[in-house]
Amino acid sequence: MNTPDADGLLAEQLLRLTRRVHRIQKRHLEKRGIGITPAQSRLLRTLAHYGSPPRMTDLAARLEVVPRAVTTLVDGLEASGKVRRVPDPTNRRVIRIELTDAGRLALRELRGARRAAAEDILAPLTDEQRTVLGGLLDTLVDGMGAATGAPGTVPDGTGSAANGTGTAVGGSDTAQEPKLDC
């Protein structure tokens, strides 16, 4: 039952929702006075998922951007004390990036801002509508359809599943998130 989006209505709705998500998230970030951009927030979230400080090239690959873009983001975050460059213990030519205590605090604030933004957006929906939306979003993000699991859930490789709102149970961010938030 593949009906083409002949008028582009669904595509337009997705684009409008994406812009709305960005505006609301930006407003919540500004309210909290965190002082970082959405792109910097994405880098911080990605950095938090590494077990040890990654190289900038690793961050660039994970974020799917050119290394120069990561350099600019790290420069800004380092200037504000949220990350620091540290030498690689085994190769003195390699620099790694690690979160500081201020960066970890900023991440907690970011998670709160993202949750508040999601609640603003999802507020008009009933629990049932949220479950349906979560299942639809999982299908779009994964590109695999309903064969991945029960409606509203999708395996994420960590043993947890989405809760129907597109957020992993427990409210943690994953590095494999859609790029709608940057």
Between CG of Leu122 and CG of Leu133, what distance do you get to the nearest 0.5 Å?
6.5 Å

Lys/Arg cation over aromatic Tyr50: Arg96, 6.0 Å, 45° cone:
no

Please name the residue in the list Arg104, Lys31, Arg32 that meets the salt bridge (charged side-chain N to carboxylate O under 4.0 Å, His left out) test with Glu109.
Arg32

Give the C-alpha distance, both sets of side-chain angles, the deciding distance and a yes or no for side-chain contact (heavy atoms from CB on, under 4.5 Å) between Arg20 and Arg16.
CA-CA 6 Å; Arg20 183 167 183 245; Arg16 285 177 43 216; over 6 Å; no

Which atom pair, heavy atoms only, marks the closest approach of Thr126 to Gln129?
N-OE1, 2.8 Å

Glu78 bridged to Arg85 by N-O distance under 4.0 Å
yes

Establish whether Leu137 and Leu125 are linked, either directly or via other cluster members, by ILVMFWY side-chain heavy-atom contacts under 4.5 Å.
yes

If you look at every heavy atom in Ala106 and Ile34, which pair is closest and at what distance?
CB-CG2, 4.2 Å

Value for CZ (Arg62) from OG1 (Thr57), rounded to nearest 0.5 Å, stands at 12.0 Å

Spell out, as yes or no, whether a donor-acceptor pair under 3.5 Å connects the side chain of Gln25 to the backbone of His22.
no

Take Val65 and Leu59, measure what side-chain contact (heavy atoms from CB on, under 4.5 Å) needs, and give me the verdict at the end.
CA-CA 9 Å; Val65 299; Leu59 286 168; over 6 Å; no

Looking at Lys82 and Asp101, is there a salt bridge between them, counting it only when a charged N and a carboxylate O are closer than 4.0 Å?
no

Indicate yes or no: does Arg130 engage Glu119 in a salt bridge with an N to O separation below 4.0 Å.
yes

Under the side-chain contact (heavy atoms from CB on, under 4.5 Å) rule, collect the residues that match up with Asp120, sequence neighbours excluded.
Ile24, Arg27, His28

Let me confirm one number: the CG-CG distance from Leu77 to Leu44, rounded to the nearest 0.5 Å.
5.0 Å

Yes or no on side-chain contact (heavy atoms from CB on, under 4.5 Å) for Ile97 and Val86, after CA distance, side-chain angles and deciding distance?
CA-CA 6 Å; Ile97 308 303; Val86 294; over 6 Å; no

In Å, rounded to the nearest 0.5 Å, how long is the span from CG of Leu14 to CG of Leu140?
7.0 Å

Ignoring hydrogens, what is the shortest heavy-atom contact between Asp88 and Asn91? Give both atom names and the distance.
OD1-N, 3.0 Å

Does any pair with a residue in residues 49-59 pass salt bridge (charged side-chain N to carboxylate O under 4.0 Å, His left out), and if so which ones, sequence neighbours excluded?
Arg55-Asp58

Report the C-alpha distance between Thr139 and Leu136 in whole Å, list the side-chain angles of each, state the deciding distance to 0.1 Å, and finish with yes or no for side-chain contact (heavy atoms from CB on, under 4.5 Å).
CA-CA 5 Å; Thr139 300; Leu136 293 171; 5.7 Å; no

Taking all non-hydrogen atoms of both residues into account, name the closest pair between Gly81 and Ala102 and its distance.
O-CB, 3.5 Å

Please report the C-alpha distance between Arg45 and Ser41 in whole Å, then the side-chain angles of each, then the deciding distance to 0.1 Å, and finally whether the side chain to side chain donor-acceptor pair (under 3.5 Å) criterion is met.
CA-CA 6 Å; Arg45 290 191 320 273; Ser41 104; 2.7 Å; yes

Enclosure of Asp127 CG (heavy-atom neighbours >12, cutoff 6.0 Å)
no

Going by side-chain contact (heavy atoms from CB on, under 4.5 Å), name the residues that satisfy it together with Glu30, two or more places apart in sequence or in a different chain.
Lys26

Less than 4.0 Å between a side-chain N and a carboxylate O, is that true for Arg19 and Glu12?
yes

